[in-house]
Amino acid sequence: LPVPPSLLASLETVKDFNKEAFEQVHQSGESITSIRINPYKITGQPLTAGGVLQPLSGLAANVPWTQYGYYLPQRPAFIFDPLLHAGCYYVQEASSMFLEQALLQNIDASQPLKILDLCAAPGGKSTHLLSLVNEHSLVVSNEVIKARASVLEENITKWGMPNTVVTNNDPKDFARLENYFDVIVIDAPCSGSGLFRKDPAAINEWSEANVQLCSQRQQRIIADVWPALKQGGLLIYSTCSYSAEENEGMMDWLNTTFAVTGKRLTVAAQWGITEVTVANDLYGYRFWPHRVKGEGFFLSCFQKAAGGAFHPQKNKKNNTEALTKNEAAIVQPWLQPPIALHLFKHQQELMALPQALAAELPILQNHLYIKKAGVTLGKLAGKELIPDHALAVSTLCNKDIAAVDLLPYGSGDPHQHKEQALQYLRREELVMDIATKGWMLVRYEGHHLGWIKALGNRINNYYPKNYRILKGG
Ligand code: SAM
């Protein structure tokens, strides 16, 4: 499908647009595949890993604007890689990873921060943010569309970090948390032209009218959430659209509507990123696919110049209760947390958040619909914990819990082990020789996939139904 002529015409005046080169990259059929590793699961620089990451072994990250991004030589069948399901990496378009520069060049990430990712599903930016901030910082991942919020929750769960809260709210609901966040990321819903090369079907949905509609919606989203950003706080705005109305136009609108300071980023010339300037001192960064190794993307950072401090109101609602001594003693052996935890109960579920974030939960609960806070550890059945999947794939899980290894490093038949891992991930019946009884972790290449319960004569597969792989192959 050709790029719409009216889009091409509208881009004529935009910096570094080159019609021939732009059309050529869209017709070339070239596709770029990139992933971002989870530094809390895949350690070691240069990278050591198996599965689809194996060809990368020994290499350093090579997406230039992030420590964690890798281009892959081709697009593997990710769905059949057990390490994807273990949350070891996230499949993400390379240009989007520029978020890392926007955050780290503006913020001291060693400080405890409160960050809101407002338009977060399916979780690309949120999982990245979780790899950039320290473990005492809070990342609130929000998605307004319910079905998409569930996908977000799944991806955040697999990423395994305890310092997250997933919410399902409209942007305007955040206005009640006045001056609360240090950073707000708005990866706005947009007309999507930047992804035409990856998803040609999006070309059919593109129209000038939709660009207008998107820019109005973007204004509304920013205006709705603006009160929640504290004075001096950072707004990171991004789209995957080429249209000036959604990019430079939004910078202009922000500048005339709110008191902001533009933030300039240092970008290496060889990255191929285009810096645009609006109103002399606002800066935006454009990713043209004929100039960078990535898809179309735009990002701009602003500091909020005026605003007040956060004044916590008296919280009416606190739906959580602390664990009793006995309950805490039951969960303790399952945990090996790298940080101090706040353990609590929500309805029947036992949960864990970093201790440093304990006071934030009632504040958020008061104003938002929380889908998930921290890591779900499990439920109690008498004196026994029924462990939750989230615990198995979290960074809190005790590594000394009994486990079955589906691929001991360097031994066994890798194909057979992978088949077994896929059987597990499809939630099929497993046939294994396990002498002991009880809960066990299933491990693949040293990474937790989830739980089984060995009963002596058979094995129960506890992989969550809603996460299971449905496809054959
Ligand atoms: N940040 C995500 C990531 O990196 O994986 C991608 C976000 S996507 C570009 C924009 C998101 O905004 C979508 O999930 C969409 O459902 C959501 N959205 C749509 N309409 C919205 C609205 N009116 N307010 C807030 N978010 C909206």
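Every number for a ligand or one of its atoms is a count from 1 in the order of the listing. Just so it is clear, the values below take in all heavy atoms, side chains as well, and ignore hydrogens, waters and symmetry mates. When a residue number appears, it is its place in the shown sequence, counting from 1.
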For a ring pair (Phe, Tyr, Trp, His ring centres under 6.0 Å) with Phe287, tell me which candidate from Phe298, Trp65, Trp271 qualifies.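 Output: one option passes, namely Trp65.
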Could you list the residues that satisfy ring pair (Phe, Tyr, Trp, His ring centres under 6.0 Å) with Tyr285, not counting sequence neighbours?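 With sequence neighbours excluded, Tyr285 shows a ring pair (Phe, Tyr, Trp, His ring centres under 6.0 Å) to Phe98, given in chain and number order.
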Considering only heavy atoms, which protein residues lie less than 4.0 Å from any atom of ligand 1?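 The 4.0 Å shell around ligand 1 contains Cys119, Ala120, Ala121, Pro122, Gly123, Gly124, Lys125, Glu143, Val144, Ile145, Arg148, Pro171, Asp187, Ala188, Pro189, Arg217, Ile221.
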Would you find more than 12 non-hydrogen atoms of other residues, nucleotides or ligands less than 6.0 Å from Lys146 atom NZ?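 Open.
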Side chain to side chain donor-acceptor pair (under 3.5 Å) partners of residues 199-212, not counting sequence neighbours, each pair once: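 For residues 199-212, and leaving out neighbouring residues, the side chain to side chain donor-acceptor pair (under 3.5 Å) pairs sorted by first residue read Gln212-Glu245.
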I need the full list of ring pair (Phe, Tyr, Trp, His ring centres under 6.0 Å) pairs touching residues 224-248, with sequence neighbours left out, sorted by first then second residue.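 Residue pairs with at least one partner in residues 224-248: Phe22-Tyr242, Trp226-Phe258, Tyr242-Trp288.
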Without hydrogens or angle criteria, can the side chains of His128 and Glu100 be said to hold a donor-acceptor pair below 3.5 Å?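 Their side chains do contain a donor-acceptor pair, which is all the 3.5 Å distance test asks for.
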